[in-house]
Q: 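The structure under discussion is supplied below as structure tokens; questions concerning it will follow.
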Amino acid sequence: MTLESRFAPNEIEPRLYAGWENAGGFACDPGSNAQPFTIMIPPPNVTGSLHMGHALTFTVQDTLVRWRRMQGRDALWQPGTDHAGIATQMVVERLLAAEGMDRRSMGREAFVDRVWQWKAESGGTITTQLRRLGASLDWPRERFTMDDGLSAAVKETFVKLYGEGLIYRDRRLVNWDPKLQTAISDLEVENREIKGSLWYIRYPIEGKPGRFITVATTRPETMLGDTAVAVSPAHPVYGALIGKRAVLPLVGRSIPIVGDDYADPEKGTGAVKITPAHDFNDFEVGRRHDLPMPSVLDRQAMVTLEEIEDDLKAIPGVADPAFVRGLAGQARFAARAAIVAELERLELLEKIEPHTNQVPHGDRGGVPVEPLLTTQWYCNAGVLAKPAIEAVETGKMVFVPKQWENTFFAWMRDIQPWCISRQLWWGHRIPAWYGPDGTVFVAKDADAAAAQAHAHYGRDEVLTQDEDVLDTWFSSGLWPFSTLGWPEKTPELGRYYPGDVLVTGFDIIFFWVARMMMLGLHMMGDVPFRTIYIHGLVRDEKGQKMSKSKGNVIDPLELIDTYGADALRFTICALTGPGRDVKLGASRVENYRGFVTKLWNAARFCEMNGMRPEAGFDPASVRLPLSRWLLDSANTAISEATAALEAYRFDEYAAAGYRFVWNTFCDWFLELSKPLLADGADPADTAEIRQVGAHVLGLILRLLHPAIPYVTEELWDHFGYGEAFSLIGAAWPEPVPVPDASQARVELDWVVRLIGLVRSVRNEMNVPPSKPSPVLLQGASAEMLGRVDRWMDAIRRLARASDVLPLGGDMPKESAQAVLEEVTIVLPLEGLIDIAAERARLAKERDKLVVDAKKTSQKLGNADFVSRAPEEVVMENRERLAAAESEIARLQAALDRLG
RNA sequence: GGGCGCGUAGCUCAGCGGGAGAGCACCUCCCUGACACGGAGGGGGUCACAGGUUCAAUCCCUGUCGCGCCCACCA
């Protein structure tokens, strides 16, 4: 059966993928003695479906894995998904809402069951989609961050870090997301620029009727919780007020005026209201001055008076308990409006200025976060960060591209305590139990906690487990070793940890990469991976970020349906340069599909011309210059491709393959081989070309398999280079010495240039392709005439030459000319050319060279250049000048002949 | 406010001390026995701007302008 004339990716992809998978092509082999190669997949959210960012990162990863596997490494690409606490809980809550239910009414246990049920039904989407892309993940090893094994790893880690004091409870301000009703970490907060106002509020000074201290604020609603006004001791006016007291308007509370350098005399009015329970800076000021810290906003960001009820005092013209009580239960922004109106009524509002500032929002919920005083679990990231920083400093871990190390260091050196508790239901429940008096017992399970409690109290007590779950990134941080069976001492753990490369986008360096480094170094005593390859983002053709709201999202699965997975993958490789975002549209994929098609058609040509792999073929035995030239070119391509992959230059890898297949193999080798494959050719030559062609096609298939696995495997199997589905495990090609390669290269280069020049002249002179012309060579050496003889058929065919002969006697009257080294090429084209045009063309060529020669000779006339530039550069310029001058002379002679 | 990156052919980008490259697009010609998702040829760039270093600068240094991203508690 011969190859179909069209490559139909949709038909072959599922069959090949299943073939690889069933044959164990993706499986690692812990028992082998090959050097391992490990990539841990960044576990996609279990709620996710494949988007362009996935397509990029997983194509890159699969390319690396397939390449290393072919190099003989025992490759493990560890698959799995992340339980994605907040995202997943939101998805299921939305489903419940559609059914008229909510999680609180169904209760925690039933809700969690429901999430598991959802996961069982819908959680496999992304893994199916990864298969479409061709990702060679070791599926039987698939893990989920809430698996029993991974949950055990989470508990083990939590208990250990708690024991070491690296995990602790603390009551301080957290970023509270009022929509999601949970604490979130600093990283989950994104600042958005909001056009708001700056309100200037007068606080009456106690004992000085009619005098005020004016504070400026962007958040008037928090003033109910003010417990001081801070001013700089250096402030020319307010400095003198330190130690005095002010009256908090509306509430009537007497608050101190404290001196603190936090207050900048240059900013605002120079005096700052201090609300310790609702502002991170104010919290610090409050600690320094031992201020009360009443909360006036609750978990829904609504006004609560619980903690200030006793402070309310009626002061005519300043404070009114009835007004304040009326605020209870109001949402924060409604309360703001009411408070501003009341202040205005009381003439305590000095002015309002327009003001733009950065307002922290929750990245999931999308509403402004509220700093809230709560007790949460924290991880002392400052301690854990040090070994990670050191490992990057000493090169034990390397970022590619290297500039990301700066970003990494900047963040890690100033890392803040990591809030790891979340007020959610879906996630790893914190392994902490509380006794009746609130004593905490941290243990791997309830029994162990009970035992601790018994020892503590001297009797059994009823314990209640902490209601909170852990930040999703806590379990992802253990991914590089929890997936290998840790805390069990599995063979895989010793073999595949540390991993080789971590591939990801810069957006999760802090979220995930840094956490894996910290937890890996601490728990395993070694780095989790050696190289961190950071790629860019996928954007649309115009360079805009893809987003649902912009409507510019491209679905990778649609691209795969339309153009095939190979086309998408090759496009991604070709566009993935270092440190650059990938601008991708359907048209780019369509273009690169052309390359896949080209390869397919080249293979069809090979097949039609009897190119079949031969087991006994020895590349060193070839005799034809064309064969040697092709093998030598293949060596170059192999070296380039290998070097590119080693350097994570996917663009250069793709380019090397593209050039070799299209410009070398198809454009020249296949074209030049045609006469040798035709009827009447020397059978020995035909046999050799068939062998070489088949051999090099095999090299091409192996070289390109990591990027375009499907089409290459299909061709590999079809031609019988190996058994079905065996290309995935075939050996990565290596350059082999080619006898007399440089001689073959000189000859082929000359022939290629000769054909090129003749084509160029004919085209520029508008000679119709249907009219072949003789090609006459003036000044050709015997060696060149020998070449012409050897390549006569090819030159005839590719240069549309009726014949190629040495120029004997006079120049034909009307002819076009071109110069190839010492040879002048003459095309007698009587009646077909415009002499004036030909003269102009030659003159233009000559003038270009004259300019070049002039520059070069000027340079050589510069004594400084000759004395200071390296010898070889001077030599190069001398040769350049000589070549230019000689060509000018020949072109001039050609012009003179035209008269 | 701090940091990072980027401004090279119409577009997307590579090159990063010794006479500017690729792919696509464009123009001309060609359905030549693998491929029109093709073949052949061609046009097109003071390498953002200004200084400096150097025999030599698109490439190194400084500054300016423009674009993008990250971080930051400035009321």
Q: Less than 4.0 angstrom between a side-chain N/O of A/R800 and OP1 or OP2 of B/C30, yes or no?
A: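 For B/C30, neither OP1 nor OP2 has a side-chain N or O of A/R800 closer than 4.0 Å.
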Q: Mind checking if A/A602 touches a base, just sugar-phosphate, or nothing, with heavy atoms under 4.0 Å?
A: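 Here A/A602 touches the bases of the nucleic acid.
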Q: Watson-Crick or G-U wobble partner for B/C13, using a 3.5 Å limit on both distances?
A: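 When the pairing criteria are applied, B/G21 turns out to be the nucleotide that pairs with B/C13.
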Q: Taking the C1' atom of each, how far is B/G10 from B/G43, in whole Å?
A: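 Result for the C1' pair: 12 Å, nearest Å.
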Q: Distance check, C1' atoms only: B/A40 and B/G17, in whole angstrom units.
A: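 Per the computed distance, 37 Å lies between those C1' atoms.
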Q: So, is A/K674 close to the B/A34 phosphate, meaning a side-chain N or O under 4.0 Å from OP1 or OP2?
A: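 Result: yes.
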Q: Work out how far the C1' atom of B/G38 is from that of B/C24, and round it to whole angstrom.
A: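 About 16 Å, rounded to a whole number of Å.
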Q: Closest approach to the side chain of A/N281, judged atom by atom: which nucleotide of B/C73, B/C30, B/A14 is it?
A: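 Looking only at side-chain atoms, A/N281 lies closest to B/C73.
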Q: Please determine, for the side chain of A/K583, which listed nucleotide (B/G38, B/C13, B/G33) has the closest atom?
A: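 So the nucleotide nearest the side chain must be B/C13.
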Q: Between B/A34, B/G68, B/C6, which nucleotide gets closest to the side-chain atoms of A/R604?
A: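 So the side chain of A/R604 is nearest to B/A34.
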Q: Sort out the partner of B/U62 for me: Watson-Crick or G-U wobble, both distances under 3.5 Å, none otherwise.
A: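 Paired with B/A50.
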Q: Out of B/A34, B/U28, B/C69, which has the shortest distance to the side chain of A/M608?
A: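 Out of B/A34, B/U28, B/C69, the nucleotide with an atom closest to A/M608's side chain is B/A34.
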Q: How many Å lie between CZ on A/R580 and P on B/G7, as a whole number?
A: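 Spelled out: CZ on A/R580 to P on B/G7 is 5 Å.
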Q: Is the gap between the ring centers of A/W404 and A/F408 under 6.0 Å?
A: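 No, ring centres 6.0 Å or more apart.
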Q: Using a cut-off of 4.0 Å on non-hydrogen atoms, how would the nucleic acid contact of A/E671 be classed: base, sugar-phosphate, or nothing?
A: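 Contact class for A/E671: base.
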Q: Rounded to whole angstrom units, what separation is found between the CZ atom of A/F669 and the P atom of B/C35?
A: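 Rounded to whole Å, this separation is 18 Å.
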Q: For B/G68, which nucleotide in any strand shown is its Watson-Crick or wobble partner with both distances under 3.5 Å?
A: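 B/G68 is paired, partner B/C4.
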Q: For B/G33, what is the paired nucleotide under Watson-Crick or G-U wobble rules, both distances under 3.5 Å?
A: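 Base-paired to nothing in any strand shown.
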Q: How close or far is atom C1' of B/A34 from atom CG of A/L599, stated in whole angstroms?
A: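 Atom-to-atom, A/L599 to B/A34, this comes out as 12 Å.
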Q: With both distances kept under 3.5 Å, what pairs with B/A57, Watson-Crick or G-U wobble?
A: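 By the stated definition (distances under 3.5 Å), nothing pairs with B/A57.
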Q: Rounding to an integer number of angstrom, what distance separates B/U46 and B/A57 when you compare their C1' atoms?
A: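 Their C1' atoms lie roughly 14 Å apart.
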Q: Looking at every strand, decide which applies to A/Y658 at a 4.0 Å heavy-atom threshold: base, sugar-phosphate, or nothing.
A: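 Touches sugar-phosphate only.
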Q: Whole angstroms only, please: what is the CG-C1' distance between A/D667 and B/A40?
A: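 Interatomic distance, CG of A/D667 to C1' of B/A40: 10 Å.
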Q: With a non-hydrogen cut-off below 4.0 angstrom, is A/R6 in contact with a base, only sugar-phosphate, or nothing?
A: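 Base, at least one base heavy atom under 4.0 Å.
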Q: Taking only side-chain N and O atoms of A/S760, does any of them lie within less than 4.0 angstrom of OP1 or OP2 on B/G42?
A: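 Yes.
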Q: How is A/A863 classified with respect to the nucleic acid when contacts are heavy atoms under 4.0 Å: base, sugar-phosphate, or nothing?
A: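 Nothing, no nucleic acid heavy atom in range.
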Q: Could you tell me the separation between the CZ atom of A/F605 and the C1' atom of B/G38, rounded to a whole number of Å?
A: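 About 14 Å, once rounded to whole Å.
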Q: For atom P, what is the distance between B/C59 and B/C70, given to the nearest Å?
A: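 Here B/C59 and B/C70 have their P atoms 29 Å from each other.
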Q: Select one nucleotide: of B/C13, B/A40, B/G39, the one nearest the side-chain heavy atoms of A/N763.
A: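 Nearest listed nucleotide: B/A40.
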Q: Whole-Å distance between B/C16 C1' and A/R649 CZ?
A: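 Taking atom C1' of B/C16 as the reference, CZ of A/R649 is at 12 Å.
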Q: Respond yes when some side-chain nitrogen or oxygen of A/W404 is under 4.0 Å from OP1 or OP2 of B/C71, and no when none is.
A: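 Indeed not, no polar side-chain atom of A/W404 lies that close.
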Q: Quick one: A/E845 CD to B/G43 C1', roughly how many Å, whole number?
A: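 Between C1' of B/G43 and CD of A/E845: 14 Å.
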Q: So does A/Y592 get a side-chain nitrogen or oxygen closer than 4.0 Å to the phosphate oxygens (OP1/OP2) of B/A22?
A: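 Checking A/Y592 against B/A22: no side-chain N or O falls below 4.0 Å of OP1 or OP2.
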Q: Please give, in whole Å, the distance from B/C70 P to A/R413 CZ?
A: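 To the nearest whole Å, that distance equals 22 Å.
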Q: Can a side chain N or O of A/K267 be found less than 4.0 Å away from OP1 or OP2 on B/C73?
A: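 Answer no for this pair, as no side-chain N or O of A/K267 is under 4.0 Å from OP1 or OP2.
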Q: Please confirm whether any donor atom in the side chain of A/E764 sits under 3.5 Å from an acceptor in the base of B/A40, or the reverse.
A: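 Absent.
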Q: Which nucleotide in the set B/G23, B/C4, B/G19 lies at the smallest distance from any side-chain heavy atom of A/Q403?
A: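 Looking only at heavy atoms from C-beta outward on A/Q403, the closest nucleotide is B/C4.
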Q: So if I take every side-chain heavy atom of A/T597 and compare against B/C6, B/C73, B/C37, which nucleotide ends up nearest?
A: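 Looking only at side-chain atoms, A/T597 lies closest to B/C37.
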Q: Angle class for the A/Y533/A/Y648 ring planes (parallel below 30°, perpendicular above 60°, tilted otherwise)?
A: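 A/Y533 vs A/Y648 ring planes: parallel.
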Q: Measuring only the C1' atom in each nucleotide, how far is B/A9 from B/A48? A whole number of Å is fine.
A: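 The answer is 15 Å between these two C1' atoms.
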